[in-house]
Number of protein chains: 2
Amino acid sequence: MARSQSQTVSLADVADAAGVSAQTVSRVVRGSDSVRPETRDKVRAAMDDLGYRPSFAGRSLKAGRYSSIGLVMLNITDTGNMLRLEGITSAAAAEDHAITLMEMAPGETLSLTEASRRMSALPVDGMIFNLNRMVPDFREFKPLPGLDTVIITMLEHPTCSTVDNDQMGCSEMIVSHLLEHGHANVHFISGPELSISGAQREEGYYEALASRGIPAPEVLRGDWTADSGYEAGARLAADPTCTAIYASNDAMAYGVAVAMHDAGKRIPEDVSLVGVDDSLGLFVPHNGLTTVRFDNRQVGLWAFRKVTGTHDMPRGRQHVLIPGTLVKRGTVAAPPSR
Amino acid sequence: MARSQSQTVSLADVADAAGVSAQTVSRVVRGSDSVRPETRDKVRAAMDDLGYRPSFAGRSLKAGRYSSIGLVMLNITDTGNMLRLEGITSAAAAEDHAITLMEMAPGETLSLTEASRRMSALPVDGMIFNLNRMVPDFREFKPLPGLDTVIITMLEHPTCSTVDNDQMGCSEMIVSHLLEHGHANVHFISGPELSISGAQREEGYYEALASRGIPAPEVLRGDWTADSGYEAGARLAADPTCTAIYASNDAMAYGVAVAMHDAGKRIPEDVSLVGVDDSLGLFVPHNGLTTVRFDNRQVGLWAFRKVTGTHDMPRGRQHVLIPGTLVKRGTVAAPPSR
DNA sequence: TCAGAAAATGTTATCGCTAACATGAACATG
DNA sequence: CATGTTCATGTTAGCGATAACATTTTCTGA
C-alpha cells in the first residue's frame, strides 16, 4: 500500500505516520540500539510506506561533513587518467565516500585557483586535482583552508601533497636495461612538448645517459601517436649507429616497429625497442613489446587516502612517486655484432 | 590582512564583519542588483577577509535541489565507458551541474535497486546507470520517485529511458558494406558471451544475413582480446570459402590481421576485414582498418540531457539508439576471382 | 517641503536532520 | 513501598542559506 509520493518525505512525515517523534525515526535510520524492537518495526513500516529517503542536505548540514571528495580532471580520455579515476573511485567506495567529478573544459583558462573555487561550492571535504598538463598558476596556488588538497602531478608543490608515477625512474630503468644488453647508446623519441610526463621521461633519459658519461644523440620529437612514431622510426632506421630505441610511449613504439619492418630491419635482432605504458595487447613481432607499466590505480588510491587521511597516512605535506615496473618481453636483445 | 580561519565561515559571520544583515550578504553572493554598490563592496571585502565560501548543504537544503546528477558505473576501465563519462561530464559542465560518481565494486552483487538506494543518499537530482553487463534485476527495477533515472543500455526498460549505441545497425552496415563489394558471405567473430553489446552485434549480424537469405557460417567465439582474434583468424585462414570477416571489435580484427599475415594471406586482396570501435591508431597493412566508430560522447550527452530535461527533451520514456559511422579504410575489397 | 513611490536593507520562518538535554516509564533494591 | 537506576522516547535548538514579508532609507515631483 505504498502511496505514490511526488513530494519529498521527511523524517517528520515518517514520525507523524508512525506516531513517534522525529528523533526516534532518526534513531531508527541510524540504527541506534536504544529503540524498542516493536517501535523500530513500526517506524520501518512507515518509512517503507511513505518511501522515505534521508536527505543528504539535511544530514550534512548538521554533520558539517559531506563524506565526499572532489576530483578535478583536465581531460578524461586517456588510459592513465582512467585508471587513476578507477583507483580513486574504488578507494572511495571502500571508505564509504562519494566522488564529485568536475571537468575543466578544454577551452577554459586552466587555473587551479579557479577550479578550486568552483569545486568548493560543491559538497566536498577535500579535493584531488589530476593534472596532466601545465597550468599557469601551479606554484602560486594555495589550497582553500579546511579543504585538504592533493595534486596528481610529478612536480613538487610548496603546500599541497603530490603523487604521480615515477617518470624519471622509468627512464633510468629503460636506459639501464638497454645498456646492460651491450648497446653503446640509446635513442629517444619524445612526447609532445607540453606534456609534463613526457618532459620528465626526457629529463630522466638525459640524466641516465649523463650519469654514465654517454653523450645523448639527437632526440626525435613525437606527439604520442603511432604515426609520429612511424616517422621517427623511419629516420632512425636510416641511422646505422642506432641500435637501441626508447620510445616514450607504446603507441610510438608501435609506429617505430612498423617503420623498422618497412625498412627491412628486424626487432630485436637489428634494433632493440622499449616503450612505456604497457597499453598494447598484441605486438607485431609476436614476442611482444618490452615496456614499462605504471600503477596508475595505485596513484589514485594514494591520492584518495592522503586527502581523507585514512590508512594512517602521515599528516604533513608529502611528494610521492610510485615506481613503474619494467615488463621484459621480446624487443630487447644485444646489438648486432659489426 | 586575511585571517587564517580554520572554522567554516557562514553568511552570518560575514554579515557581522560587514555590519549588515545576513540577507544582504546573501544578496551580494547571488549577485542581486538591489544592493548599493558601496554596501556590496563592503560585503565583498568582508567575504575576502574571512575567506567565506557558500555552504553547499545550506544552499541545497533550502533550494530542495542539488544541481548534481549521480552516475553509477560498473567498471570504468574501458574506452567506451570513458567517452560516455566524458560526454556526461562535459554536458554537466555546460549546464552548471556536478557529477557524483559511484562505482559498483566488481565483487558486489550487481543490483540496480541496491545501487539506486545507495545513490539516493547522495546529493543527486537524478541518476544515470551505465550498464555494460547484465544485472539480475534489470526488468524489475523501479526508479525512485522524484529521481529521474536514465539507463545506458541497449535493452529497452519498462519505466526508465534508455540510450546506447546502435549495435544492430552497426552489424547491418558492416554486412551490407561487405556484400556490396561482391562477397558471397561474411564470417563473424563474436565477443564474450556475457557482453550485451557483443550479443547485439551478433544478433544484428544474423539478422542482416537472414534478411538477405544468406545462411550464416559457423560463428567463432572470441573474448575481445587480440589473442582470441589471432586464434579465430588462424582458423579462418585455413577456410578457402572465407573471403570476408567481421570481427566484432578492433582488437580481435588486429589479431585476425596478424594471423592472416602469418598464414601468407593478404588483406584486402585475399580477405576483407572489418572491425568495430575505431580504437586502433596505426594498422599493420598501412592503409588502416575499416571499422565502425560509435559516438559514445553523444550517448553520454543524451543521457545527461534526458535526465535533467534540458535541451527541450521530450518528457516521457524514450529508447534511443545512437547510430555509429562506418569508417572506410583499406581492409575491404572485392573477393579474389577464382 | 512633504507625501508617496521606489530602492535598499532587515526580520522571520523554514528547509531536514541530529546532538544535547529533558522527561517519562519500567524496573531493581533495600 | 519509597527511591534510585536504567532504558525508551520526546523537546529544543541550531547547522547555513534564502523566500517572503516588514521596515527603513532615498529619491521624485508638485
Side-chain angles (χ1 to χ4, degrees), chain A residues 5-44 46-47 50-68 120-125 144 146-147, chain B residues 5-44 46-47 50-68 120-125 144 146-147:
Chain A
Q5 185 82 26
S6 71
Q7 305 293 347
T8 44
V9 179
S10 74
L11 271 191
D13 299 327
V14 176
D16 284 353
V20 296
S21 74
Q23 180 63 214
T24 298
V25 179
S26 170
R27 280 191 263 257
V28 171
V29 170
R30 286 171 300 137
S32 161
D33 52 357
S34 62
V35 177
R36 230 172 11 171
E38 85 191 55
T39 309
R40 194 191 55 210
D41 294 345
K42 193 170 58 180
V43 170
R44 287 226 174 108
M47 291 198 311
L50 298 174
Y52 170 76
R53 285 169 322 193
S55 150
F56 177 89
R59 183 175 284 185
S60 50
L61 178 57
K62 196 77 189 33
R65 295 178 289 105
Y66 296 112
S67 298
S68 179
S120 77
L122 298 177
V124 296
D125 302 324
L144 295 170
L147 284 178
Chain B
Q5 184 84 26
S6 71
Q7 305 293 348
T8 44
V9 179
S10 73
L11 271 190
D13 299 328
V14 176
D16 284 352
V20 297
S21 73
Q23 181 63 212
T24 298
V25 179
S26 170
R27 280 191 262 257
V28 171
V29 170
R30 286 171 299 138
S32 160
D33 52 357
S34 61
V35 177
R36 233 175 5 177
E38 83 191 56
T39 308
R40 195 190 55 209
D41 293 345
K42 194 169 57 179
V43 170
R44 288 227 174 107
M47 294 198 311
L50 298 174
Y52 169 75
R53 285 169 323 197
S55 151
F56 177 88
R59 183 173 283 185
S60 50
L61 178 58
K62 196 78 196 19
R65 297 178 288 105
Y66 296 112
S67 298
S68 178
S120 77
L122 298 177
V124 297
D125 302 325
L144 295 169
L147 282 179

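Bear in mind the structure is a predicted one, so any value in this text is a computation, not a measurement. A, B, ... follow the sequence lines: proteins, then strands. Residue 1 opens every chain.
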Participant: Is the closest side-chain heavy-atom distance between B:L122 and A:S68 below 4.5 Å?
Facilitator: no
Participant: Parallel under 30°, tilted from 30 to 60°, perpendicular over 60°: which one fits the rings of B:F56 and A:Y66?
Facilitator: perpendicular
Participant: Which residues in residues 19-26 of chain B have at least one heavy atom lying under 4.0 Å from any atom of DNA chain D?
Facilitator: B:Q23, B:S26
Participant: Using side-chain heavy atoms (C-beta onward) and a distance below 4.5 Å, is B:L11 in contact with B:V29?
Facilitator: yes
Participant: So, is B:S60 near the phosphate of D:dA17, with a side-chain N or O under 4.0 Å from OP1 or OP2?
Facilitator: no
Participant: With heavy atoms under 4.0 Å as the rule, sort A:T39 into base, sugar-phosphate or nothing.
Facilitator: sugar-phosphate
Participant: Could you tell me the separation between the CG atom of A:L61 and the C1' atom of D:dA17, rounded to a whole number of Å?
Facilitator: 9 Å
Participant: Walking along DNA chain C from 5' to 3', note the first and the last nucleotide with an atom under 4.0 Å from a heavy atom of chain B, and give both.
Facilitator: C:dA8 to C:dG16
Participant: Sequence neighbours left out, what pairs pass side-chain hydrogen bond (donor to acceptor under 3.5 Å, both in side chains) with at least one residue falling in residues 51-61 of chain B?
Facilitator: none
Participant: Check the distance between D:dG10's C1' and A:D16's CG and give it to me in whole angstrom.
Facilitator: 14 Å
Participant: Quick one: is D:dT18 close enough that its OP1 or OP2 comes under 4.0 Å of any side-chain N or O from B:R59?
Facilitator: yes
Participant: Just the rounded figure in Å: distance from C1' of D:dG16 to NZ of A:K62.
Facilitator: 12 Å
Participant: Looking across every strand, which nucleic acid part, if any, lies under 4.0 Å from A:R27 by heavy atom: base, sugar-phosphate, or nothing?
Facilitator: base
Participant: Just list the side-chain donor-acceptor pairs under 3.5 Å for residues 15-26 of chain A, sequence neighbours left out, or say none.
Facilitator:
from, atom 1, to, atom 2, distance (Å)
A:S21, OG, A:Q23, N, 3.4
A:S21, OG, A:T24, N, 3.3
A:S21, OG, A:T24, OG1, 3.3
A:S26, OG, A:R30, NE, 3.1
A:S26, OG, A:R30, NH2, 3.1

Participant: Which angle, to the nearest 10 degrees, lies between the helix axes at the two ends of the helix from C:dT1-D:dA30 to C:dG30-D:dC1, each defined by five pairs?
Facilitator: 40°
Participant: Applying side chain to side chain donor-acceptor pair (under 3.5 Å), can you list everything that pairs with A:T39, at least two apart in sequence or on another chain?
Facilitator: none
Participant: If you look at every strand shown and take non-hydrogen atoms under 4.0 Å, does B:Y52 touch a base, only sugar-phosphate, or nothing?
Facilitator: sugar-phosphate
Participant: Please enumerate all residues that pass side chain to side chain donor-acceptor pair (under 3.5 Å) together with B:S67, with sequence neighbours excluded.
Facilitator: B:R65
